[in-house]
Amino acid sequence: MTPPRLADSLLRFFCASHKLEEVQGDLQEEFAWQVERIGERRARWRYWWDVLGFLKPRFVCRPKPIYSIPTTTMFRNYLKIAFRTLVKNKGYSFINIGGLAVGMTVSMLIGLWIYDELSVNKSFQHYDRIAQVMRNRTVNGEVGTRPGMPIPMEQSLKTTYGSNFKHVVIGWWTSLHTITLSDQVFSKSGKFMTPEAPEMLSLTMRQGSRAGLTEPASILLSESLAKALFGNVNPLHKTLTIDNSMTVNVTGVYEDMPAGSSFADVQFIAPWDLYTASTDWINEAKDDWTNTSFEIFVELAPSVSVADASASVRNLLVGKTNVDPAQKPEVLLYPMSRWHLYSDWKNGLNEGGRIQFVWLFGIIGLFVLLLACINFMNLSTARSVNRAKEVGIRKAIGSRRQELVVQFFGESLLVVALAYGVAIVLIFLVMPLFNQVADKQMTVPFLNPLFWAIGLGFALLTGLIAGSYPALYLSSFRPIAVLKGAIQVGKGIATPRRVLVVFQFAVSITLIMGTLIVYRQIQFAKNRPIGYSRDGLISLPLNVPHYEQNRETVRNELIRSGAVLDVGESASPLTEVRSTNGGFNWAGKDPTLQINFGTVGISHEFGKTVGWTFRQGRDFSRKLASDSLGIVLNESAVAFIGMKDILGKTITWNGNGFNVSFHVIGVIQDMVMDSPYEPAKPSVFFIGPKPGKFLTMRLNPARSPQAALATIGEVLKEHLPDAPFNYTFVDDEYDQKFRSEERIGTLASIFAALAIFISCLGIFGLASFMAEQRTKEIGVRKVLGASVLNLWSLLSKDFVALVLIALGIAAPIAYYMLNKWLQAYTYHTTIAWWVFALTGVGTLVITLLTVSFQSIKAALVNPVKSLRSE
Amino acid sequence: MKRSYLGEFEEIVLLTVAVMEGQAYGVALTHEIIEQTGRSVRLNQIHAALQRLEDKGMVKSEMGEPTAERGGRRKRLFTVTAYGRRTLQEIQDVRVNLWTRMPDPFNPAISL
């Protein structure tokens with residue numbers, strides 16, 4: 001007759017071990033007695049009831065230890081032992097602390113980078129309620145999302161949908177403008193916006209007030225611009241001229257908007273009304289729903305959510321004059337919180353963008369830290385043999401397991417603390433370099449308690465993870481067995497150690513492959529045929545109203561000076577297509593086909609200057625008067641139109657102030673003007689009425705660029721004294737398009753290099769340990785006639801096998817992920833087999849070099865020495 | 001009054017331990033107390049009281065012999081320490097003292 005088993009095991013689980021026997025005995029005796037008295041069934045119930053009575057703290061708690069752990073004396077002993085171990089094994093200590101410090105530095109830097117990325121734009125007081133108005137339209141089945149808005153929309157948003165918004169601000173894109181202060185000319189970027197803008201952006205005013213834009217002839221300057229223009233003189237009420245046509249008074253100075261934010265380069269804000277009044281074509285667009293050349297920002301009313309406001313304005317463009325219903329126009333709000341990290345649009349939906357890099361770097365950071373932790377664990381497991389005797393002796397003379405656990409955790413925490421200290425110093429040292437590579441202005445937030453809290457938490461976690469093995473495994477040894485030598489310490493742990501090494505190398509190899517492919521992709525896009533020659537091309541934005549009268553003189557003088565070969569003019573810079581238009585028609589056009597061609601107004605010499613490559617036909621010529629109505633198409637446009645013999649055909653253009661019939665005089669090879677990763681936009685080049693917004697010049701290769709630039713500067717100064725000579729090399733502008741990818745690539749390659757470095761540190765330590773372990777074996781083998789080469793291969797082949805396995809695991813994973821990444825680009829490179837081969841061979845070579853140092857050292861030892869001991 | 005505090009229940013347990021003279025352990029004590037006082041006492045209460053008494057130093061214990069009815073487990077046998085005896089004695093003295101000083105002791109309702 002036994003009491004209920006379940007109740008019994010419950011009791012066994014809860015009851016303190018030193019109480020269990022008497023309690024269980026009493027319960028059973030009572031049970032036997034109760035069975036006699038009231039029968040088995042009720043006795044069982046009663047047993048349960050009694051057991052429940054014992055589930056109280058008094059019976060559950062273990063007895064208090066006789067002495068507290070650790071006593072200060074023991075603690076001092078642990079510390080001493082820990083330091084002695086560190087100093088005794090300088091190599092291991094260096095690998096442990098160095099590896100961990102590098103891992104921590106990388107992950108902390110990445111952490112700071114991510115923090116910085118996530119906090120972009122958050123400094124604006126109302127950042128969670130500011131949004132940009134965007135618009136979807138469906139062209140030939142594809143939904144495109146653009147920020148360009150027509151002017152009348154501002155009023156419509158205010159009157160019809162006003163309850164949703166606190167502010168509606170229309171403006172012109174941040175762009176370079178000429179600012180003239182008496183005889184000094186500057187070229188600065190700024191915005192023209194309606195007077196509510198400073199309130200919406202919650203500008204911090206240094207002088208003047210946020211209401212400073214209400215007067216049409218006013219301007220707000222950023223602090224740095226005010227400093228640049230006026231030095232220490234009070235800038236308020238001073239007069240400036242913008243673009244040589246708008247005279248304004250300084251009505252306020254605001255604190256620079258934060259670097260890295262979406263408005264970082266807004267160095268001044270001038271009134272929108274001033275811009276419209278002084279710019280004819282904008283003035284003409286005031287009631288035009290089809291001229292979508294402007295940007296609109298809104299600040300939502302406090303109680304309205306972005307989704308609700310977005311839904312309510314969705315159909316704003318439907319039924320508006322001249323808005324094509326076939327394009328299914330949709331208006332939507334793009335909240336500021338997503339501007340920076342989610343800038344990609346796909347089929348009318350906002351998705352992805354920089355956030356990918358945030359994830360990518362976050363994962364890399366975690367992995368690098370993990371690799372460092374793995375080193376730590378591997379080395380401590382490998383070296384556990386050396387500590388086993390210590391454990392045995394400590395136990396034999398009375399240490400209890402808890403104390404050993406405390407000791408070993410303490411040791412790993414000590415190592416981690418040292419590494420953390422080194423990492424803090426390292427971060428401080430590499431921060432400027434990192435900022436340069438990442439194009440950031442981060443500082444180490446030494447004063448931020450959160451930084452310390454997270455850092456210390458991290459370190460603590462690392463210490464606990466890394467120290468868990470020695471603490472839990474080593475402390476479990478039975479002293480007699482260890483001291484007798486019956487336990488083969490570290491034997492069972494060899495397999496997990498191999499797994500971890502394979503994991504380390506798989507991560508490193510994946511990172512290296514990824515970096516190679518990223519670089520290949522950038523190079524691929526860079527080397528793509530761009531359709532013109534960039535050598536010695538410079539681009540100069542012009543904002544002078546009287547340029548038109550001087551254009552011939554300027555061109556002739558520039559060529560005559562010998563500084564340039566030719567000068568061309570265009571409405572968009574060569575590396576951008578700034579205007580796109582529909583309204584094209586030709587004979588036999590499919591009426592449902594929707595067209596959106598890039599349109600670039602140019603001068604006759606533009607093509608010659610940039611070096612077009614003609615597929616068919618010819619360039620514009622001043623000699624033929626009819627060429628003023630000629631057009632040159634790019635290959636993409638011809639392919640889009642789908643006509644075979646397009647030369648001489650008529651194409652009409654009705655829209656945007658044009659209503660003309662053009663004839664095609666030439667077809668050129670596609671030029672890469674927008675994203676080098678995207679296919680070229682179908683584009684139309686025509687002789688513009690006023691193309692002189694950008695001058696493109698080809699420097700005379702016979703002169704040194706410096707001399708040529710100086711000459712150009714003089715000529716311009718003479719004929720266009722109020723135009724700043726603010727040139728850029730087209731080469732640079734083009735490279736700018738790769739900057740972001742290159743930056744990511746560089747960072748990723750640095751991290752990949754560090755990852756492989758940390759992994760190699762790990763196997764270096766392991767290899768030296770194994771060589772040490774097998775000293776006797778090596779000695780015996782040598783005595784029996786093994787050559788150095790034999791011994792070298794004996795010691796190296798294990799590691800080579802591990803790296804090969806890692807390669808086998810990493811390659812398909814890397815292939816899958818990189819292939820997916822590449823597919824996102826229309827123009828993308830392939831994943832060549834040699835990338836895998838190169839990475840594999842490279843990793844093997846590095847591994848062998850790392851391991852060989854130790855194995856050759858071991859193989860060269862005189863066997864007399866290694867066999868003599870004991 | 002320098003002696004440590006003894007609860008009423010603890011006092012009963014302690015007295016019973018003293019009465020049972022070296023044969024006191026959990027179940028036996030429970031049964032004895034139920035019999036003598038008519039209270040419904042649970043095993044865990046006795047164990048808790050014994051532990052408290054041991055912490056206070058009024059009883060000491062040692063493991064006894066295993067018996068079959070306990071599934072081969074030993075019982076913990078309690079004996080009263082000298083300090084426990086003295087405490088019981090003091091309690092008794094205080095009570096006797098108070099009783100004797102009572103001017104009009106409760107007389108039996110019916111005198112024979």
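It should be emphasised that the depicted structure is a prediction, and the values quoted were computed from it without experimental measurement. The chains referred to below are lettered A, B, ... by the order of the sequence lines, with proteins before strands, and numbering in each begins at 1.
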Q: Check step by step if side chain to side chain contact (heavy atoms under 4.5 Å, CB included) holds for B:Arg76 and A:Glu21.
A: CA-CA 9 Å; B:Arg76 186 177 285 279; A:Glu21 184 176 2; over 6 Å; no
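Looking at B:Arg70, its side chain does come within 3.5 Å of a backbone N or O of A:Glu22 through a donor-acceptor pair.
Close approach to chain A, defined as a heavy atom under 4.5 Å from one of its heavy atoms, is seen in B:Arg42, B:Leu43, B:Asn44, B:His47, B:Ala48, B:Gln51, B:Arg52 of residues 37-52 of chain B, taken by number. Contacts of residues 12-28 of chain B with chain A at a heavy-atom distance below 4.5 Å involve B:Tyr25, B:Gly26, B:Val27, listed in sequence order.
No more than 12 heavy-atom neighbours from other residues, nucleotides or ligands sit within 6.0 angstrom of CZ on A:Arg42.
Every residue was checked against the salt bridge (charged side-chain N to carboxylate O under 4.0 Å, His left out) condition with B:Glu69, not counting sequence neighbours, and none meets it.
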Please set out all donor-acceptor pairs under 3.5 angstrom arising from side-chain atoms of residues 44-54 of chain A, sequence neighbours excluded.
unit_1, atom_1, unit_2, atom_2, d
A:Arg44, NH1, A:Thr2, O, 3.2
A:Arg44, NH1, A:Glu40, OE2, 3.4
A:Tyr47, OH, A:Asp8, OD1, 2.7

